[in-house]
Amino acid sequence: MDHFLYRDGVLHAEDVPLTDIAAEIGTPFYIYSTATLTRHYGLFTEALEGMPHLVCYALKANSNQAVIKTLGDLGAGMDVVSGGEYARAKAAGVPGDRIVFSGVGKTRAEMEQVLAGGIRQVNVESEPEMELLSRVATDMGVTVPVTVRINPDVDARTHEKIATGKAENKFGIPISRASEVYAMAARLPGLDVVGIDVHIGSQLTDLAPYEAAYEKVADLTRTLRAEGHSIRRLDLGGGLGIPYTRTNEAPPLPLDYGAMVKRVLGGLDVEVEIEPGRLIAGNAGLLVASVIYVKSGEGRDFLILDAAMNDLIRPAMYGAWHDIVPVIEPAPGSEQQPYDIVGPVCESGDTFAKQRQMPRISAGDLVAFRSAGAYGAVMSSEYNSRPLIPEALVKGDQFAVIRPRPSYEDLINRDRVPSWL
Ligand code: LLP
């Protein structure tokens, strides 16, 4: 469920008509709903009620300060994968003891940064990383809580570019070598082994792969405890999928996911952490664009938008499907026709949808991409020298720009021309 509904014939973000926002800040723009962010975070805390837990929002999905602060103020933890994300979480007021540090290639500088600033735990992904972390921690005279990310070798049945739990993926250590790696962790100074970490992929639409992975984690917990390790925390990763269309099968709800977690892991006397990103932010955001031209091609009509692949890369990169709807509500029963919906960038990959059935659209109309709150703005670029588009946040009847549109001057002034040129 989200808070983007037609009211009086106009698509609203909570109580604000999108036409008002477009008139004030121009298109294209991203718009997020506070009520949806809050609701989605709440679904996870409810789902895990009765079990000690921390919901660590994976801020790679949407790392705007206002979004992080909205969730952080509710008590959310954060899952970060870079020094930049850590800095963003801290700047939004999230204390270090609610931040977990994941990622396959943590640098010495990033380790120093999080150890100095405070960290709940580091999820270690390899032996060389573990050795370096031990050295950095001992050099700094601290002990750092760690988990080891294990690769359970399960098929998450999602897009190949976002599956992470198969043996062939770069993530984690093979579960078959866990005992050996945990023994090494226990020997190394500066590390306090607190648990196990697993994340098998993103946009999962089935609980079965999760359950298979978590069964393996439960077995490993028992094994490692028998080997003398104090396993008291399980980081279960993120990845729960969202409905991108309104017709396809509904992905499992957080409540069902939570029930499965409690069933599989509830008897282990552990605290669990989860790292949802997409499910919290995805359907809390829209990308709103204007139609520049309607162009008749060879046997097809193109809607040429002022948004492009640099603003929302998911269709070009993953072949992702986003619902695209007119901001002005079509009359009931109005005729549909197929359009190819494209941006102005100079490559054919800049295509959002092919032969998409839409009501009749004219130049100047506003359209909204649904489910664009996660992996939208964060993956955007300034390709074709198109400045990053603004982001705005709605709460009830108020909205605020939370990242302004840069001017061309801002864009150019980031470059430096050498004195000898
Ligand atoms: N934890 C870890 C260690 C992750 O790598 C990820 C996502 C998450 C949590 C959050 O997963 P989520 O709940 O958002 O599915 N750009 C792609 C998605 C990449 C996901 C990468 N890792 C897309 O647009 O579909």
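Numbers here simply count residues along the sequence, with the first being 1. Scope of the values below: all heavy atoms of this structure, side chains included, with no hydrogens, waters or symmetry mates. When a ligand or atom number is given, it counts from 1 through the structure's own listing order.
At a cut-off of 3.5 Å, with distance as the only test, no side-chain donor of Ser380 or Asn310 sits close to an acceptor on the other residue.
Residues with a heavy atom under 4.0 Å from ligand 1: Ala58, Lys60, Asp79, Arg149, Ile162, His199, Ser202, Gln203, Gly238, Gly239, Glu275, Pro276, Gly277, Arg278, Arg314, Tyr318, Tyr375, Met379.
The side-chain hydrogen bond (donor to acceptor under 3.5 Å, both in side chains) pairs that include a residue from residues 186-199 are Asp192-Arg232, where partners are two or more places apart or lie in different chains. Counting only residues at least two apart or in different chains, side-chain hydrogen bond (donor to acceptor under 3.5 Å, both in side chains) contacts with residues 389-406 comprise Tyr32-Glu391, Asn64-Glu391, Glu391-Arg403.
A search for side-chain contact (heavy atoms from CB on, under 4.5 Å) contacts involving Ile328 returns Val10, Thr19, not counting sequence neighbours.
Taking the ring centre of Trp321 as origin, the terminal cationic atom of Arg314 falls outside the region bounded by 6.0 Å and 45° from the ring axis.
Within 6.0 Å of CG in Leu5 there are more than 12 heavy atoms belonging to other residues, nucleotides or ligands.
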